[in-house]
Number of protein chains: 2
Amino acid sequence: MSRRAGAARERVLAVALKLFARHGVAGTSLQMIADELGVTKAAVYHQFQSKEDIVWAVIAPALDELTRVAEAAEARKRRSDQLGAVLSGVVDLVVSHRRLTAVIRTDPTISALMRERPALRALEARIDRVITGPDPDTETVVSAAMVSSALLAVGMDPRLDGLDDETLRRHLLGIARRLLRLRPLPRSRPGGVPGRDAHPA
Amino acid sequence: MSRRAGAARERVLAVALKLFARHGVAGTSLQMIADELGVTKAAVYHQFQSKEDIVWAVIAPALDELTRVAEAAEARKRRSDQLGAVLSGVVDLVVSHRRLTAVIRTDPTISALMRERPALRALEARIDRVITGPDPDTETVVSAAMVSSALLAVGMDPRLDGLDDETLRRHLLGIARRLLRLRPLPRSRPGGVPGRDAHPA
DNA sequence: GTCTATACGCTGATAGAC
DNA sequence: GTCTATCAGCGTATAGAC
């Protein structure tokens, strides 16, 4: 993955994400992207070799961050700390990239693309395992599926558009923890609860 | 909405849903549908006037059922009964049409189509109002958004494919109620008792 | 970096034979 | 109900000038 950051390149990625969120990847043509930028298709092709290239470049930052979240969680010793770390990491990711996480979760083109990459399937499996633990019962499996659906898909929900990041983060985390039967976090940063302090922003 | 039921028509709808779930509506061509059926595009066009027609016919049963769920819920007097009714109704719908509800919730083409129809926007608003009540606080709004995302999107989750309908229904309903801070239903014991469970409602 | 111009396959859709 | 044949338009992608 080449990730030089040119201004034109970043502009393409921004409008691509916006259009992917509105029309889906398959429903977004290079013509639409070019029109939105006020340039021609050829100008877009100067920045990216193919449409698939654009898709990967759009989602890469979130996948990278998700990888770091998994690593940070797995570095914890106790399972409850691992779970807390992955939840707060995913919530941070969702809040800071609302549309992007929703697109990644829901778009069929992106799902198909990711399914073809063993490294990404493995990443999903790692996150899963941290959430459910080894050998989960049915209730745990269903809870985990619901939490991941709920967190990743809410980013697109228009009813939450008006909420600022900090408010959304607090509620998402609280509700996700309740869904998974974790004890509520204290209101402000506590001494006794590890979770947020250790990993860099 | 015309809804004559011919065998060929139903066959088209079945493979269309399957392909919509896998590739999205925009990613599914009439050629793909025809190929999957072993016929030509023209044969498909004999059953439906346009691709959009197929989409509406595919999602109509779920929308009709959702309308009935809203009506049944609104007929209840107490708010807690209304909420319970809408939750169990939506869970039934999700379980009996797993892929379909997920497609309706996540596909951008379908979202856009529905957004253009005032009747459907109104339906969504009614469901919303039953879930949150009038004048909800922020926590309630976020919970409602998470519940609806979680319930509607889990239908596509491959990790739940192996679960039979009754098991899935019981867990989804229990978890959804916990997420919304409703008391657990009498039938399932808190703590998740293994072994046999009560019969359906 | 952006443009014009072009290649060519596939799209949704129609007409008319069987 | 299904077929063959056909259409205009748009899709991704490329070549080469400025």
Side-chain angles (χ1 to χ4, degrees), chain A residues 1-60 103 107-114 116, chain B residues 1-60 103 107-114 116:
Chain A
M1 296 181 195
S2 71
R3 220 163 306 151
R4 310 169 300 253
R9 208 180 145 88
E10 291 303 317
R11 255 177 287 138
V12 171
L13 294 179
V15 312
L17 172 57
K18 178 175 150 191
L19 293 171
F20 289 169
R22 184 138 59 216
H23 307 285
V25 172
T28 301
S29 67
L30 289 167
Q31 187 67 67
M32 291 163 74
I33 295 174
D35 287 351
E36 187 83 13
L37 286 165
V39 299
T40 62
K41 284 186 287 180
V44 177
Y45 269 107
H46 180 256
Q47 309 288 342
F48 299 92
Q49 291 187 349
S50 68
K51 186 179 175 183
E52 190 177 319
D53 248 42
I54 298 179
V55 173
W56 283 116
V58 165
I59 69 179
V103 167
D107 192 278
T109 305
I110 293 180
S111 303
L113 240 42
M114 291 179 62
E116 290 169 5
Chain B
M1 297 181 193
S2 71
R3 220 162 307 148
R4 307 168 301 253
R9 209 181 144 88
E10 291 303 316
R11 252 177 288 138
V12 171
L13 294 179
V15 312
L17 172 57
K18 178 176 149 191
L19 293 171
F20 289 169
R22 184 139 57 217
H23 307 286
V25 172
T28 302
S29 67
L30 289 168
Q31 188 68 67
M32 292 163 74
I33 295 174
D35 286 350
E36 186 84 12
L37 286 165
V39 299
T40 61
K41 281 189 289 181
V44 177
Y45 268 106
H46 180 258
Q47 310 288 342
F48 299 91
Q49 290 187 350
S50 68
K51 186 180 175 181
E52 189 178 319
D53 248 41
I54 299 178
V55 174
W56 283 115
V58 165
I59 69 179
V103 167
D107 193 280
T109 305
I110 293 181
S111 303
L113 240 41
M114 292 178 62
E116 290 169 5

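Computed from heavy atoms alone, side chains included, the values below leave out hydrogens, waters and symmetry copies. Here is the naming used below: chain letters follow the sequence lines, and residue numbers restart at 1 for every chain. These numbers were taken from a predicted model, which means no experiment stands behind them.
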Self-check item: Whole-Å gap separating C1' (C:dT2) and CD1 (A:Ile33)
Solution: 17 Å
Self-check item: Whole-Å gap separating P (C:dC10) and NZ (B:Lys51)
Solution: 16 Å
Quiz item: Under the criterion salt bridge (charged side-chain N to carboxylate O under 4.0 Å, His left out), which of A:Lys18, A:Arg11, A:Arg22 is the partner of A:Glu36?
Solution: A:Lys18
Quiz prompt | Separation of atom CE in B:Met32 from atom P in C:dG12, rounded to whole Å | solution = 10 Å
Quiz item: Counting any heavy atom closer than 4.0 Å, what does B:Ala42 reach on the DNA or RNA strands: base, sugar-phosphate only, or nothing?
Solution: base
Quiz item: Just checking A:Ser29: base, sugar-phosphate only, or nothing, at a heavy-atom cut-off of under 4.0 Å?
Solution: sugar-phosphate
Quiz prompt | Length of the CD-C1' vector between A:Gln49 and D:dA15, whole Å | solution = 15 Å
Quiz item: When rounded to the nearest 0.5 angstrom, what distance separates CG in B:Leu13 from CD in B:Gln47?
Solution: 9.0 Å
Self-check item: Between P of D:dT12 and CZ of A:Phe48, the distance in whole Å
Solution: 15 Å
Quiz item: Between C:dG1, D:dA13, D:dT2, which one does the side chain of B:His46 approach most closely?
Solution: D:dT2
Quiz item: In Å and rounded to the nearest 0.5 Å, what is the NZ to CG distance from A:Lys41 to A:Asp35?
Solution: 9.5 Å
Quiz item: Do any side-chain nitrogens or oxygens of B:Thr40 fall under 4.0 Å of OP1 or OP2 in D:dT2?
Solution: no
Practice problem: Assess whether atom CD of A:Gln31 is packed by more than 12 heavy atoms of other residues, nucleotides or ligands within 6.0 Å. | Solution: yes
Quiz item: Of all the nucleotides listed (D:dC3, C:dG1, C:dT11), which has the minimum atom distance to the side chain of B:Gln31?
Solution: C:dT11
Quiz item: Over how many whole Å does the gap from A:Glu10 atom CD to C:dG1 atom C1' extend?
Solution: 16 Å
Exercise. Round to a whole Å and report the spacing from OH of B:Tyr45 to C1' of D:dT6.
Key: 14 Å
Practice problem: Check every atom of C:dT2, D:dC3, D:dG1 against the side chain of B:Gln47 and return the nucleotide holding the closest atom. | Solution: D:dG1
Quiz prompt | A:Leu30 side chain, from C-beta outward: closest of D:dG1, D:dT12, C:dT4 | solution = D:dT12
Practice problem: Search all heavy atoms of B:Asp107 against all heavy atoms of B:Gly24 and return the closest pair with its distance. | Solution: OD2-CA, 3.3 Å
Practice problem: State whether the distance check finds a donor on one side and an acceptor on the other, under 3.5 Å, for side chain A:Lys41 versus base D:dT12. | Solution: yes
